[in-house]
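For this chain, numbers begin at 1 and follow the sequence in order. Because the structure is predicted, anything quoted here is derived from the model rather than measured.
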Amino acid sequence: MFHGLLMLIPDGLYMLEIDRLLRPGGYWVMSFPPNGWKSPYNSLNQTIKNFDGEQSAMEDTANKLCWEKLSDKATVSVWRKPTNHLHCDQEAEFLRSPPLCTEDHPDCAWYVNISMCRTHLPRVELLGDIAGGPVEKWPQRLAAVPPRIANGEIKGMSIQAYKHDCSIWKRRVELYGTYLKDLSHRSYRNVMDMNAGFGSFAAAMSKYPVWVMNVVPANITDNTLGIIYERGLIGTYMDWCEAFSTYPRTYDLIHANGVFSLYIDKCGTLDILVEVDRILRPGGAAIIRDTADVVLKVKEAADRLQWRSRVVDTEDEGPDPQKILIVDNSLPLPGSEYNN
């Protein structure tokens, strides 16, 4: 999924994982210590001493993966992953390439072990084709139909459904701006979407000076993380019954659409809120969107955490009985001394 990665002295297994992550035609940048660099520590001196052998091993692995070396200057080398596997498949036996992986769902990566195999690329007809389809340049790719949807690769996800989703989230973000005035005042920078779907919330938020981490719950049927990356956005998997791998006070604003309904029979509402509280900065905000009964339960738990929150209406999109819990911890609690 990535266009480029920066690493320091990997082995063959790591390079296979990098190959899995890279988009067809993506770049891998490898930096290493300068040859003249000296260290007072024996362990680091040994690393430099053995580097020539490790570099030869990397060259060999890159050749077996059919990567093209584009540059090798000073302490930086650049390789490019092939845009498809037609040429590589023809020479795999000669190159003694690792076998192709045999898993049924190559996109699944939550608690999956790294394997000594090459990940399949989508089939193409011509040598010059890009496996999976080409993407638009940024920022056009943010609004363009992602190749996975345009090619019909994901069942139940049509072009019409994608465009409708984009339209809905533009309206929703407009409403959010009326409830959280700080959105347009540059008070938020790090934003998380706990259940990102197609990434349309993040796309609609692009008019604000924010950066959005798009999270796809690992235990849902619709795996949309590939779509998110094809839109030029960033994202990851997560099980919200576990702790998110980050330090406390990371995010200024957290958006949760349908998260509590998704996990209502898996873990407690308060458990998830406590984790949100851990990664939300002091004075941060949250937007929790769900069915009316679930939002009221979340409101009760939020009050126990002394969050400044209120329940508001949605955009009146029909008979959907949803509500929104707006949390703005920059506001004083009702009746507190700061109100006087």
Side-chain angles (χ1 to χ4, degrees), residues 172-173 175-197 201-202 205 208 210-220 235-314 321-340:
R172 290 177 175 178
V173 168
L175 180 67
Y176 293 164
T178 65
Y179 290 131
L180 290 174
K181 302 300 184 182
D182 282 351
L183 266 178
S184 57
H185 295 164
R186 298 178 178 266
S187 297
Y188 307 128
R189 175 57 178 167
N190 298 332
V191 179
M192 174 188 282
D193 191 357
M194 295 176 68
N195 185 15
F201 166 77
M205 289 285 286
Y208 298 117
V210 299
W211 175 91
V212 182
M213 169 60 76
N214 295 278
V215 180
V216 174
N219 42 7
I220 61 174
T236 188
Y237 294 115
M238 183 58 196
D239 182 342
W240 286 113
C241 289
E242 302 179 14
F244 191 77
S245 183
T246 190
Y247 61 87
R249 305 176 303 280
T250 307
Y251 292 94
D252 306 313
L253 172 63
I254 294 179
H255 179 248
N257 174 44
V259 171
F260 292 90
S261 287
L262 183 63
Y263 286 92
I264 198 164
D265 295 323
K266 299 180 176 67
C267 50
T269 297
L270 186 60
D271 294 329
I272 298 176
L273 276 188
V274 167
E275 176 61 7
V276 172
D277 185 71
R278 182 184 72 86
I279 63 178
L280 195 64
R281 70 163 170 81
I287 303 170
I288 298 168
R289 185 188 192 98
D290 221 306
T291 60
D293 59 329
V294 170
V295 166
L296 291 177
K297 291 179 182 177
V298 177
K299 168 64 174 170
E300 293 176 2
D303 289 344
R304 293 176 62 186
L305 293 175
Q306 292 191 310
W307 282 6
R308 288 79 155 171
S309 66
R310 67 190 191 280
V311 178
V312 299
D313 293 328
T314 61
Q322 285 192 328
K323 290 288 184 180
I324 304 171
L325 182 68
I326 298 292
V327 179
D328 188 350
N329 288 322
S330 67
L331 301 176
L333 282 169
S336 71
E337 59 181 337
Y338 299 106
N339 268 343
N340 299 327

Which pairs would a plain distance check flag for residues 273-285, meaning a side-chain donor or acceptor within less than 3.5 Å of a matching protein atom at least two apart in sequence or in another chain?
| unit_1 | atom_1 | unit_2 | atom_2 | d |
| --- | --- | --- | --- | --- |
| Glu275 | OE1 | Arg278 | NE | 2.9 |
| Glu275 | OE2 | Phe244 | N | 2.8 |
| Glu275 | OE2 | Arg278 | NE | 3.4 |
| Glu275 | OE2 | Arg278 | NH2 | 2.8 |
| Asp277 | OD1 | Trp307 | NE1 | 2.9 |
| Arg278 | NH1 | Thr246 | O | 3.0 |
| Arg278 | NH2 | Phe244 | O | 2.8 |
| Arg278 | NH2 | Thr246 | O | 3.4 |
| Arg281 | NE | Asp252 | OD1 | 2.7 |
| Arg281 | NH2 | Ser187 | O | 3.4 |

* Asked: Between CD1 of Ile272 and SG of Cys241, what distance do you get to the nearest 0.5 Å?
  -> 5.5 Å
* Structure fact -> Heavy atoms of Val259 and Asp290 approach each other most closely as N-OD2, 3.7 Å
* Closest non-hydrogen atom pair between Met205 and Val210, with its separation -> O-CG2, 3.6 Å
* Structure fact -> Heavy atoms of Tyr237 and Val215 approach each other most closely as C-CG1, 4.4 Å
* Structure fact -> One should read off an interatomic distance between Asp328 CG and Arg310 CZ, to the nearest 0.5 angstrom, of 7.5 Å
Give every donor-acceptor pair under 3.5 Å between a side-chain atom in residues 188-197 and any protein atom, sequence neighbours left out.
| unit_1 | atom_1 | unit_2 | atom_2 | d |
| --- | --- | --- | --- | --- |
| Arg189 | NH1 | Pro209 | O | 3.3 |
| Asn190 | ND2 | Thr250 | O | 3.2 |
| Asp193 | OD1 | His255 | ND1 | 3.0 |
| Asn195 | ND2 | Asn257 | O | 3.0 |

* Structure fact -> Nearest heavy-atom contact between Lys323 and Val311 is CB-CG1, 4.0 Å
* In plain terms, say whether Lys299 and Asp303 are close enough for a salt bridge, that is, a side-chain N and a carboxylate O under 4.0 Å apart. => yes
* Atom of Ile264, atom of Val294 and distance for their closest heavy-atom approach -> CD1-CG2, 4.2 Å
* To do: Using the test salt bridge (charged side-chain N to carboxylate O under 4.0 Å, His left out), find all partners of Asp265 that sit at least two apart in sequence or belong to another chain.
  => none
* **Pairwise distance OH(Tyr208) to CG(Leu253) - rounded to 0.5 angstrom** => 10.5 Å
* Where the side chain of Tyr263 meets the backbone of Trp240, is there a donor-acceptor pair that is under 3.5 Å apart? -> yes
* Measure the CD1-CG distance between Ile220 and Leu262 for me, rounded to the nearest 0.5 Å. => 6.5 Å
* Asked: When rounded to the nearest 0.5 angstrom, what distance separates CZ in Arg289 from CD1 in Ile326?
  -> 9.5 Å
* Derivation and outcome, side-chain contact (heavy atoms from CB on, under 4.5 Å), residues Arg172 and Ile324 -> CA-CA 11 Å; Arg172 290 177 175 178; Ile324 304 171; over 6 Å; no
